[in-house]
Novice: 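Please see the structure below; I have some questions.
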Amino acid sequence: MELKPLGEKVVIKKIEIEEKTASGIVLPSSAKEETNIAEIIAIGKDVEEDEKTKGQISVGDKVLFSKYAGTEVELEKEKYIVIKYQDLLAVIK
């Protein structure tokens with residue numbers, strides 16, 4: 001199965017960042033705050049074709065997104081977020 005976003009939507013997948021304390025202890029996932037960094041999985045047609053947004057993002061880019069934006073979806077035991085292009089804040093290089 002594949003998620004293909006419509007219009008100005010983008011499909012992203014959160015990136016789990018391993019958190020360590022100052023002394024080097026790795027925190028379990030239950031103690032971590034959720035991250036708002038994700039990888040772009042798919043881009044809607046309107047985002048790819050619009051002159052203002054064309055070329056700004058591509059599949060595989062790491063992005064920062066608005067914390068409470070989008071709709072979470074689970075597909076084949078993987079969690080994704082379908083989000084509006086406008087809720088993407090920055091590309092991480």
Side-chain angles (χ1 to χ4, degrees):
M1 287 188 126
E2 178 183 340
L3 278 177
K4 184 176 178 184
L6 302 175
E8 294 183 0
K9 304 286 191 295
V10 178
V11 177
I12 59 176
K13 183 178 178 181
K14 284 187 183 179
I15 297 173
E16 293 294 325
I17 298 175
E18 187 176 88
E19 278 190 47
K20 291 184 182 180
T21 63
S23 60
I25 298 171
V26 176
L27 297 174
S29 59
S30 61
K32 288 190 244 180
E33 186 175 321
E34 282 206 26
T35 181
N36 59 336
I37 298 174
E39 179 180 351
I40 295 180
I41 303 300
I43 302 170
K45 189 174 180 181
D46 289 354
V47 176
E48 290 178 331
E49 294 178 356
D50 189 315
E51 289 300 318
K52 293 179 186 176
T53 59
K54 190 175 188 175
Q56 288 192 350
I57 59 171
S58 57
V59 173
D61 282 352
K62 308 271 187 282
V63 293
L64 184 66
F65 65 96
S66 296
K67 196 166 193 164
Y68 300 107
T71 302
E72 283 197 20
V73 178
E74 189 169 332
L75 183 66
E76 296 178 357
K77 298 184 181 180
E78 292 286 338
K79 289 185 180 181
Y80 300 97
I81 300 173
V82 179
I83 191 170
K84 292 179 187 175
Y85 174 80
Q86 291 82 2
D87 290 327
L88 297 177
L89 305 174
V91 176
I92 300 170
K93 297 281 181 178

Novice: Nearest 0.5 angstrom please: K79 NZ to E74 CD, how far?
Specialist: 6.0 Å
Novice: Give me the atom names and distance for the closest heavy-atom approach of P5 to G44.
Specialist: CG-N, 3.4 Å
Novice: Kindly determine whether S66 and N36 satisfy side chain to side chain contact (heavy atoms under 4.5 Å, CB included), including the steps that lead there.
Specialist: CA-CA 7 Å; S66 296; N36 59 336; over 6 Å; no
Novice: When you look at NZ of K14, are more than 12 heavy atoms from neighbouring residues, nucleotides or ligands closer to it than 6.0 Å?
Specialist: yes
Novice: Please round to the nearest 0.5 Å and tell me the distance separating atom CG of L75 and atom NZ of K13.
Specialist: 10.5 Å
Novice: Would you mind listing every side chain to side chain donor-acceptor pair (under 3.5 Å) that reaches into residues 43-54, with sequence neighbours excluded?
Specialist: none
Novice: Other than V59, which residues form its hydrophobic cluster under the rule that side-chain heavy atoms must be closer than 4.5 Å?
Specialist: V10, I12, I40, I43, V47, I57, V63, F65, I81, I83, Y85, L88, V91
Novice: Can you measure from CG (L89) to CG (L64) and round to the nearest 0.5 angstrom?
Specialist: 5.0 Å
Novice: Nearest 0.5 Å please: distance from the CD atom of E2 over to the CD atom of E76.
Specialist: 10.5 Å
